[in-house]
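Hydrogens, waters and symmetry mates play no part in the numbers below; they use all other heavy atoms, side chains included.
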Amino acid sequence: MKIDILSLFPDMFTGFLETSIIKRARDKGIVSIQIHNFRDYTHDKHHKVDDTPYGGGQGMVLACQPIVDCLEAIRQEESVVVLMSPQGKTFQQHMAESMASSISHLIIICGHYEGFDERIRAFCDLELSIGDYVLTGGELGSMVISDAIIRLLEGSITKASHEEDSFSQGLLEYPQYTRPLDFRGMQVPDILLSGHHENIRLWRLKQSLARTRQRRPDLLEQRQLSLEEKRLMAEIIAEDE
Ligand SMILES: C[S@@+](CC[C@H](N)C(=O)[O-])C[C@H]1O[C@@H](n2cnc3c(N)ncnc32)[C@H](O)[C@@H]1O
């Protein structure tokens with residue numbers, strides 16, 4: 001996969017590009033990421049990327065020309081262009097999954113200041129938000145989205161390790177433990193030491209269901225439970241009463 005990110009602040013990406021799974025995925029050629037400073041595409045000698053809003057008001061608005069020229073220099077037929085915006089669709093795991101499996105070239109435009117000239121939206125395929133809050137710029141959001149996608153690309157991490165992640169199956173993940181067995185009086189559940197794979201699977205599934213019911217009941221409303229899950233859920237409800 002190729003990811004091109006348009007940003008006025010390329011330095012913000014240094015740690016992201018050079019660390020952990022993202023660095024490994026780049027080194028292995030699973031993903032190539034390039035940051036483009038659209039200030040380089042301005043026509044005026046002061047490299048001005050923004051201007052005051054028509055009609056008056058606070059702050060500065062990013063102008064169309066530098067962003068659109070930069071976009072047109074890198075856009076291919078297969079490119080999908082995402083505009084980072086708090087007004088966009090909220091990014092979710094299922095979107096990361098579908099983007100990882102269907103997109104070969106992703107372009108992400110990061111805004112800053114008061115936002116964009118409205119006409120920039122006409123050049124984008126998708127507007128994405130990372131949550132209902134307003135950030136200074138789109139850079140953090142573009143890293144969030146890229147990270148969520150890159151870890152799902154084949155070869156980044158093993159499939160088994162993200163298949164049980166929270167949201168992958170529409171549930172939150174079960175509790176995990178590692179050594180020591182006893183930490184300040186808190187014990188690892190016996191079942192995890194039993195070596196009985198089927199019982200461990202059932203315990204984990206039940207924990208996932210109970211945790212999702214308690215913390216994110218909205219996820220259960222959108223999910224069809226299997227017969228086995230219905231049986232475990234009935235046990236959870238009975239234990240609660
Ligand atoms: C200060 S914000 C502008 C917000 C704009 N005035 C509005 O109310 O919609 C500057 C830029 O940060 C990015 N941004 C801010 N919050 C975001 C969020 N929750 N998700 C995605 N991008 C965000 C967008 O690229 C946005 O253009």
Should the pair [X]-[Y] be classified as a salt bridge under the 4.0 Å nitrogen-to-oxygen rule?
X	Y	answer
Asp165	Arg151	yes
Asp240	Arg213	yes
Arg39	Asp50	no

(request) Begin from the C-alpha positions of Thr90 and Ile130 and carry the test side-chain contact (heavy atoms from CB on, under 4.5 Å) through to its verdict. (result) CA-CA 6 Å; Thr90 307; Ile130 59 160; over 6 Å; no
Nearest atoms (heavy-atom pairs only) where [X] meets [Y]:
X	Y	result
Met84	Ser142	CE-N, 3.9 Å
Glu139	Gly111	OE1-O, 4.1 Å
Ile120	Ala63	CD1-O, 3.7 Å

[X] side chain to [Y] backbone, donor-acceptor under 3.5 Å:
X	Y	result
Gln93	Ser166	no
Ser146	Met143	no
Ser7	Cys110	no
Lys89	Glu127	no
Ser129	Gln87	no
Ser102	Ser98	yes
Gln65	Tyr41	yes
Arg223	Asp218	no
Arg75	Phe123	yes
Thr42	Pro66	no

From [X] [atom1] over to [Y] [atom2], what is the distance, rounded to the nearest 0.5 angstrom?
X	Y	atom1	atom2	value
Leu232	Ile237	CG	CD1	11.0 Å
Leu219	Leu209	CG	CG	11.5 Å
Ile3	Leu153	CD1	CG	7.0 Å
Met233	Leu205	CE	CG	9.0 Å
Leu126	Met99	CG	CE	5.5 Å
Leu71	Phe38	CG	CZ	11.0 Å

(message) Quick check on Glu154: does its CD atom have over 12 non-hydrogen neighbours (other residues, nucleotides or ligands) under 6.0 Å away?
(response) no
(message) For the CG atom on Asp44, are there more than 12 heavy atoms of other groups (residues, nucleotides or ligands in this structure) within a distance under 6.0 Å?
(response) yes
[Y] side chain reached by [X] side chain, heavy atoms, under 4.5 Å:
X	Y	answer
Leu83	Val81	no
His197	Leu202	no
Ile74	Leu6	yes
Ile5	Gln34	no
Gln76	Ser104	no
Arg216	Phe167	yes
Met95	Ile149	no
Ile107	His105	yes

Answer with yes or no whether the hydrophobic clustering places [X] together with [Y]; edges join I, L, V, M, F, W, Y residues whose side-chain heavy atoms lie under 4.5 Å apart.
X	Y	result
Val80	Phe116	yes
Phe9	Val49	yes
Leu152	Ile33	no
Phe91	Ile150	yes
Leu128	Tyr133	yes

(message) Going by salt bridge (charged side-chain N to carboxylate O under 4.0 Å, His left out), Lys206 matches just one of Glu229, Glu228, Glu239. Which one?
(response) Glu239
(request) Indicate whether any N or O donor in one side chain lies under 3.5 Å from an N or O acceptor in the other, for His43 and Asp69. (result) yes
(request) Would you please say whether a donor-acceptor pair under 3.5 Å links the side chains of Glu163 and Ser168? (result) no
(message) Pair Ile200, Ile191 - check side-chain contact (heavy atoms from CB on, under 4.5 Å), show working.
(response) CA-CA 6 Å; Ile200 292 173; Ile191 183 95; 4.3 Å; yes
Could you tabulate the donor-acceptor pairs under 3.5 Å formed by side-chain atoms of residues 10-22, not counting sequence neighbours?
residue : atom : partner : partner atom : Å
Thr14   : OG1  : Asp11   : O            : 3.0
Glu18   : OE2  : Arg26   : NH1          : 3.4
Thr19   : OG1  : Gly15   : O            : 2.4

(request) Determine, stepwise, if the pair Val61 / Tyr113 fulfils side-chain contact (heavy atoms from CB on, under 4.5 Å). (result) CA-CA 7 Å; Val61 174; Tyr113 312 120; over 6 Å; no
Distance-only check: which donor-acceptor pairs under 3.5 Å involve side-chain atoms of residues 51-60, not counting sequence neighbours?
none

(message) Just to verify, what does Glu72 make a side chain to side chain donor-acceptor pair (under 3.5 Å) with, not counting sequence neighbours?
(response) none
(request) Decide side-chain contact (heavy atoms from CB on, under 4.5 Å) for Val188 and Phe183; before the verdict, give the C-alpha distance in whole Å, the side-chain angles of both, and the deciding distance to 0.1 Å. (result) CA-CA 9 Å; Val188 174; Phe183 182 72; over 6 Å; no
